[in-house]
Structures are given as C-alpha cells and as structure tokens.
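Here is how names work: the chains are called A, B, and so on, in the same order as the sequence lines, proteins then strands, and each is numbered from 1.
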Amino acid sequence: MDLVMLLNYGIAFFTLFVVNVFILIFLEHRDHYKERPKDTGKRPIVSVIIPAYNEGLYIANCLKTVLALDYPADKLDIIVVDDGSKDGTYKIAKGFESANADASPSLRVFTKKNGGKGAALNFGIDLARGEFIATMDADSYLSPGVVNELLPLFDEDDVMAVTPAVKVKPNGSWLQEFQRVEYLLILFSRKLLSFIDSVPVTPGPFSMFRAKVFGEVGRFDEDNLVEDQEIALRIQAANYKIRSSMSAEVYTEPPDNMKDLLKQRIRWQRGGFRNYWKYRHLMKPEYGDFGMYFVPLNFATITAFFIMLGLLINSYISTPYYTKYIWAESFGLGIGLFTFIGAFVFITSTYFLYLAVKSFPEEKVKLRYILAFIFFYWFLSIGYNTLFVYKEFRKEATSW
Amino acid sequence: MERKVSFSLYAWAFFISLIIFAVGVFIGFTLDSSNLDRISSTLGDTSSRLSSLQLLILMEGNTSAFCPVFTSQLDDIDKQVEKTGYELSYLEDQKGVTDPELKKSYFVQEAESYLLSKKVKSLCGDKSVLLINFYSNTNCTRCKDEGTQILQARDSLESAGFHMKLFSFDGDLGSPVADAFKTEFNVTGYPSVVIDEKLYPGYSDQSQLQQLVKARG
C-alpha cells in the first residue's frame, strides 16, 4: 500500500471516528440536551461589562436590550467601557447613562485610551460589583430572559462560566444567513461538548462568569487575538467547568461581506491555533476528555485538513492523461471504499446539521441556506485555513 | 473537579467506525471485483470479434477487395482494446487494483490486434503508424510520463492527419506475449518505443515522438 493510499484510509477513518463520537454523545443525551435548568430563585448581583470600540451604530440597541433584561434592576450593574472610540460611541453611551441616572439598573460609562478588547474587559472587571460577571460585545443584543436562563447553570461550585445560545440577528444578508446555519451548528456542537466537559470558548457576544474566577485564573489576556477562547482554556486548565445553554438567546451581528468574514476567520484560526499550542500541555489524562480528546482533536483536524488538501491537489495533478478517453467509465470505475465512506460521512454530517437546525425551530432557517451552507460555505474553510497557515508561516502582523 | 476520560465512548466510536470502514472495504472490493469481471467479459467479446476477423482474413487475405471491411472492423476492435487498456490502467493507477492474469490476457489480445493491424497494413496499404510502448510498473521512473507523452503526441498527430495505433506492454509482468515482443524488437530497458517495427530505446518526449512518426509516415 503506498503512502497516498494510506493517507486516504487514515483521513477517512479519522473523519468517521470524529463524526461518530459526536453522534454517540448526542444519542446518549438526546432526551435532555434541550432541557432548561430549574430557576433557583436566587438573584445575585450581576455585572454586565460592555467593551466598545467604534460601535456607534450598535451601542444604543445593545444598551436598550441590557436595560430591558428581565432581572431585578437593583441587582444589575452595567458597565460600558469605551475603548477610545472615534465615532461617538462614548457620547451615545453617556446619553443613556444620563437618562438612566436616577433609575435602576445602575449604568456606568467609562472611557479609556484604546488598548484592545481584553484591556477594556479587564478595566470593567476591576470596577465590577457583581458576584457574577457577564461580558458582552457592543454589537450584540440580548433576549430579556438570558440572565435568568444562565444563572441556574451555575449549580455546582466548580462551574465557573456559562455560555448562551449565540445566534445571528434576523433579516441579514445571504452571507449572514449562511452564518446563521453555522452558528446553530457551533451551538449544537458546543452543547454536546459540554457533556464531556470540553467547552473550549466563552463567546465574546455574551458569556457569564463567577467573578471569583478572574481572581483565581487571572483576567483576560490583553494580547490575545481570541481572548474569549484563551480565558476558557485557562478555566479548563484549572479544572473548572464551563456549561452551555441552548435556550438563553443572544443575537450577534456577524460579518456581512466576504472581506470582513475572511478577516474574522483568519483571526479566529490564528488565535485559536496559538492558544491550543500554548495549552498543549493539557493533553494529559488528568484533564479528562478535554485533554485526551478535544485538544488533540484540534491539532489532528488542522493536520487532516492539510493532508486532505494535499491529497486533493495530488489527485488532480496525478489524474492520468488517458482518463479523458474514458471519463464516463472512470466514474463507475472510481466508485469504491472512499465513495462509500465519503457518502457515509456526508450523510451523517448532514444529519448532524439537520439535528442542529431542528433544535432551534424558532430560527426558521430556509432550506436553500442549509443546502448552500453544505455545498458552498463549508468550502470557504479551505480559503481561510490555507491563509491562516500562510500568514503564520510568514509571521505576518496580527490585528483585530 | 475530578475529570474523567470517556474511554467507552471512544471505544464505541472506534468500533462503529471500524465496522463502517470494514463494510466500505467490502463494498469497495465487491465493486472492484465486478469491474474486473466486466472488463474480463469485454475482453471475451473482443476476442470473439478478433477471431472472426482473423478467420475472414485467412479466407480472403489474398485479395484487397475486402480491405474496407478489414480496416473498419479492425479500427473498431483496436478502439475497444485501447479503451480496455485504459480501464485496466485506471484501476491499477488510481485504486491499486491489479489482476496480473487479466492483464496477461489483455496483452494477448493486444498482440493479436497488432499482428492483424500489421497484416492489414501490408495487404491494404493502410497508412496507420503502429506504435508499441514497452514499459515497466516496477522498474521505471519515467514510464508513466512516457505513456502521457505518447498519447499527447498521438492527439497532435491525429489533428495533423496522421493515424496511429497504440499498443502497450508491461515488460516485467512475466507475460509470454510481452516477452516474445521484447525479444523480437531487442528491447532491453524501459521505456522503449517501437514505431513501425523500429526500436527507439529510452525516453522520448512528445515532440521527438511526433518527428519520429512523421519520418516513418
């Protein structure tokens, strides 16, 4: 058996294995993965920190939804940290502060010299009064019940963070509609990962933490490209739990053009890869499934991706010249093991996607976007995975 | 928290993947085997057609009156033989599926086709150029490329009005027919090309091949 054949078999088996792990987790928890935790009735003080840089278009809408949270107003501590915006974000937020001066909940607006999202979050953490701290993006908005939905998930002392159901805002562009499907898939996968204590990120659009966790594992990494992932890895490294909710809805504004999407994904990939490399020491049995499955899976996936890309290119280059004389027959001759495995992986992945979308019937995702996601959007990953490695190798400067 | 590794989860996922993989391998082998059966059956059909044509040439081979029948029949058969060769090569190159005995049968058919082509050429004044490519799948780094060069040269020459018939023999397969041809043309290394019974040892690119064919034609 030659190397190409061996690699093909290896990739096929790896893909099957990963898909099967997810399907088995789903089957084990299918009856209760959508269960909502019971409200404990406790209403501790919750600080909501909103770092904002040039978010003039969105900050007002964001603050309206935060102020409208279905949570006792005197238990909410809202902090806006303007990170040196140049578009009037601070002024708009200050307007809300003034209008809210004599009312609850408490809204405080600060401005500071631009230092990045991590620094703005840490600025807010230092001022926070809550037992729990929620961090959120200024271009996100919240469903009224989000805090009530998330708090009961802190049902054990070692649960240090909880993630909501981050969804894409409705009525977006076609590119945002693709991302709606993707976000549901991510959300569904994250829920399944939570069953093996392997949630790898506390999403920037909204996440809740026990305030004390920042004292124990440190605050946000101010020089990180994906600080919301880095803090989650640090929490995992301290052997604390991160829970995931399917019902606490938060809406975000994803990129609406290819250029911004590419930029965002390359940042995620570069930051993500660096973070997993930084935390590669977690690949030990004492870190459970996270250390023995999830962290290695990330390295294996990126390796598998490039092997697959290489195999595809090799298959194109090495297609014999004579194939053009028997192109019709070659379809039949080509059917075999990989066609079968490929079909199985395709069917199970599509089923998995269907389950993810079906888990959120309120989202009313159109079939055409699901199909376009399968046959077009997934292939975008070839572009940004290749670009991220290219940029990492060239040691190109990184930025938000 | 106390962490655990879900060994049973991974063991089950591995086991299920293994079963699916095994089913895939079984289906793959079944399909490959059915492809080889189909090619074998095609070889049988072509062999019958070749025998009929041989008989016809034997009976009417001293007159050129039947030449249009001979050439058109032989062209058809040659095309089928060539296509069968590509199918065998595709299975071998792309999927690693080999059946040495089937390949040897194919070489016998190629030899019959070549000999008939030679006969028709002399009997009917057919201007087709007969090219034999001797290659080795085990002992030759440039043989695959030589095969491509020959096909590309043939495509260019066809558009310039030259008609070529191609025959290929794996000289290291242990086929008695291939060995006989090697002996006849003194082939000692790979790749080697025989154009209208003249040996050109070593690698030739498509432009060299075109010149050689034009010189012969």
Side-chain angles (χ1 to χ4, degrees), chain A residues 1-2 4-5 9 12-25 28 156-160 195-197 236 238-241 284-293 315 318-326 329-330 332-345 348, chain B residues 1-36 38-39 42 79 82-97 144-145 147-155 166 168 206:
Chain A
M1 193 182 291
D2 64 9
V4 170
M5 199 74 84
Y9 280 118
F13 192 83
F14 169 74
T15 314
L16 263 181
F17 176 74
V18 173
V19 173
N20 281 329
V21 166
F22 275 96
I23 287 176
L24 285 175
I25 297 173
E28 190 182 343
E156 291 172 45
D157 289 343
D158 56 0
V159 177
M160 285 296 166
F195 293 121
I196 55 167
D197 284 322
Q236 291 284 5
N239 277 333
Y240 286 128
K241 287 179 183 164
K284 290 175 191 158
E286 50 261 46
Y287 293 102
D289 293 312
F290 190 75
M292 294 305 285
Y293 176 69
S315 148
S318 65
T319 299
Y321 184 78
Y322 59 74
T323 309
K324 74 177 204 172
Y325 306 117
I326 53 159
E329 291 81 358
S330 65
L333 294 171
I335 294 172
L337 169 64
F338 293 111
T339 322
F340 179 78
I341 302 284
F344 182 82
V345 170
T348 44
Chain B
M1 69 167 159
E2 181 98 10
R3 285 189 183 262
K4 67 180 180 68
V5 180
S6 309
F7 288 111
S8 63
L9 167 71
Y10 306 122
W12 273 108
F14 186 84
F15 181 65
I16 293 168
S17 305
L18 207 61
I19 289 175
I20 294 167
F21 205 75
V23 172
V25 170
F26 175 74
I27 291 176
F29 277 132
T30 308
L31 288 170
D32 289 342
S33 164
S34 115
N35 278 324
L36 288 174
R38 187 181 54 77
I39 292 173
T42 308
K79 276 179 191 156
E82 198 178 315
K83 195 173 132 192
T84 304
Y86 295 145
E87 291 183 357
L88 279 171
S89 299
Y90 185 88
L91 283 174
E92 195 171 315
D93 295 341
Q94 300 299 99
K95 297 175 83 180
V97 176
K144 277 204 165 33
D145 186 31
T148 304
Q149 295 295 320
I150 290 169
L151 290 174
Q152 286 173 338
R154 197 266 299 267
D155 284 354
L166 305 182
S168 296
Q206 60 164 311

For this session: Could you tell me which non-hydrogen atom of A:Leu24 sits nearest to which non-hydrogen atom of B:Ala13, and how far apart they are?
Result: CD1-N, 3.5 Å
For this session: Could you tell me which portion of A:Ile23 (side chain, backbone, both or neither) has an atom closer than 4.5 angstrom to a non-hydrogen atom of chain B?
Result: neither
Exercise. Out of B:Phe7, B:Tyr10, B:Trp12, which one racks up the most heavy-atom pairs below 4.5 Å with chain A?
Worked result: B:Tyr10
Exercise. Of all heavy-atom pairs between A:Ile326 and B:Lys83, which one has the smallest distance, and what is that distance?
Worked result: CG2-CG, 3.5 Å
Seminar exercise, completed: Rounded to the nearest 0.5 angstrom, the CG-CD distance for B:Leu9 and A:Glu28 is 7.0 Å
For this session: Go through the steps to decide whether B:Arg3 and A:Met292 satisfy the test side-chain contact (heavy atoms from CB on, under 4.5 Å), and finish with yes or no.
Result: CA-CA 11 Å; B:Arg3 285 189 183 262; A:Met292 294 305 285; over 6 Å; no
For this session: Select one option (side chain, backbone, both, neither) describing which atoms of B:Leu91 are under 4.5 Å from chain A's heavy atoms.
Result: side chain
Problem set entry | Part of B:Val97 within contact of chain A (heavy atom distance under 4.5 Å) | neither
For this session: Identify which part of A:Asp158 has an atom lying under 4.5 Å from any heavy atom of chain B, answering side chain, backbone, both or neither.
Result: side chain
Seminar exercise, completed: Here the gap from B:Ile19 atom CD1 to A:Leu16 atom CG, rounded to the nearest 0.5 Å, amounts to 11.5 Å
Exercise. For B:Ser6 and A:Ile196, which heavy atoms make the closest approach, and how far apart are they?
Worked result: OG-CG2, 4.1 Å
For this session: List the atom of B:Tyr90, the atom of A:Tyr322, and the distance in Å for their closest heavy-atom pair.
Result: N-OH, 3.2 Å
Exercise. Where does A:Tyr240 contact chain B at under 4.5 Å (heavy atoms): side chain, backbone, both or neither?
Worked result: backbone
Seminar exercise, completed: Under 4.5 Å to a heavy atom of chain A? For B:Glu82 that would be neither
For this session: Mind checking the CD-CD spacing from B:Glu2 to A:Glu286? Nearest 0.5 Å is all I need.
Result: 11.0 Å
Exercise. Should the pair B:Phe21 and A:Tyr9 be assigned to parallel (<30°), tilted (30 to 60°) or perpendicular (>60°) ring geometry?
Worked result: perpendicular
For this session: Side chain from CB out, backbone as N, CA, C, O: work out which of these in B:Ile27 comes under 4.5 Å of a heavy atom of chain A, or both, or neither.
Result: side chain
For this session: Supply the atom-to-atom distance A:Leu333 CG to B:Ile39 CD1, rounded to the nearest 0.5 angstrom.
Result: 6.0 Å
Seminar exercise, completed: Looking only at A:Val21, A:Asn239, A:Asp157, the option with the highest number of non-hydrogen pairs under 4.5 Å against chain B is A:Asn239
Seminar exercise, completed: Rounding to 0.5 Å, atoms CD1 (B:Ile20) and OG1 (A:Thr348) come to a distance of 7.5 Å
For this session: Without swapping roles, check the side chain of B:Lys144 against the backbone of A:Pro320 for a donor-acceptor pair under 3.5 Å.
Result: no
For this session: Given side-chain contact (heavy atoms from CB on, under 4.5 Å), test B:Val5 with A:Tyr293 step by step and report yes or no.
Result: CA-CA 8 Å; B:Val5 180; A:Tyr293 176 69; over 6 Å; no
Problem set entry | Straight-line distance of A:Phe17 CZ to B:Leu18 CG, nearest 0.5 Å | 11.5 Å
Exercise. With a 6.0 Å cut-off on ring centres, are B:Phe14 and A:Phe13 close enough?
Worked result: yes
For this session: Check whether B:Thr30 gets within reach of chain A through its side chain, its backbone, both or neither, counting any heavy atom under 4.5 Å.
Result: neither
For this session: Applying side-chain contact (heavy atoms from CB on, under 4.5 Å), run through B:Val23 and A:Phe344 and close with a yes or a no.
Result: CA-CA 11 Å; B:Val23 172; A:Phe344 182 82; over 6 Å; no
Exercise. Considering only heavy atoms from C-beta outward, does the side chain of B:Leu31 approach that of A:Phe340 to under 4.5 Å?
Worked result: no
Exercise. Distance under 6.0 Å and angle within 45° of the ring axis: does B:Arg154 meet both against A:Tyr321?
Worked result: no
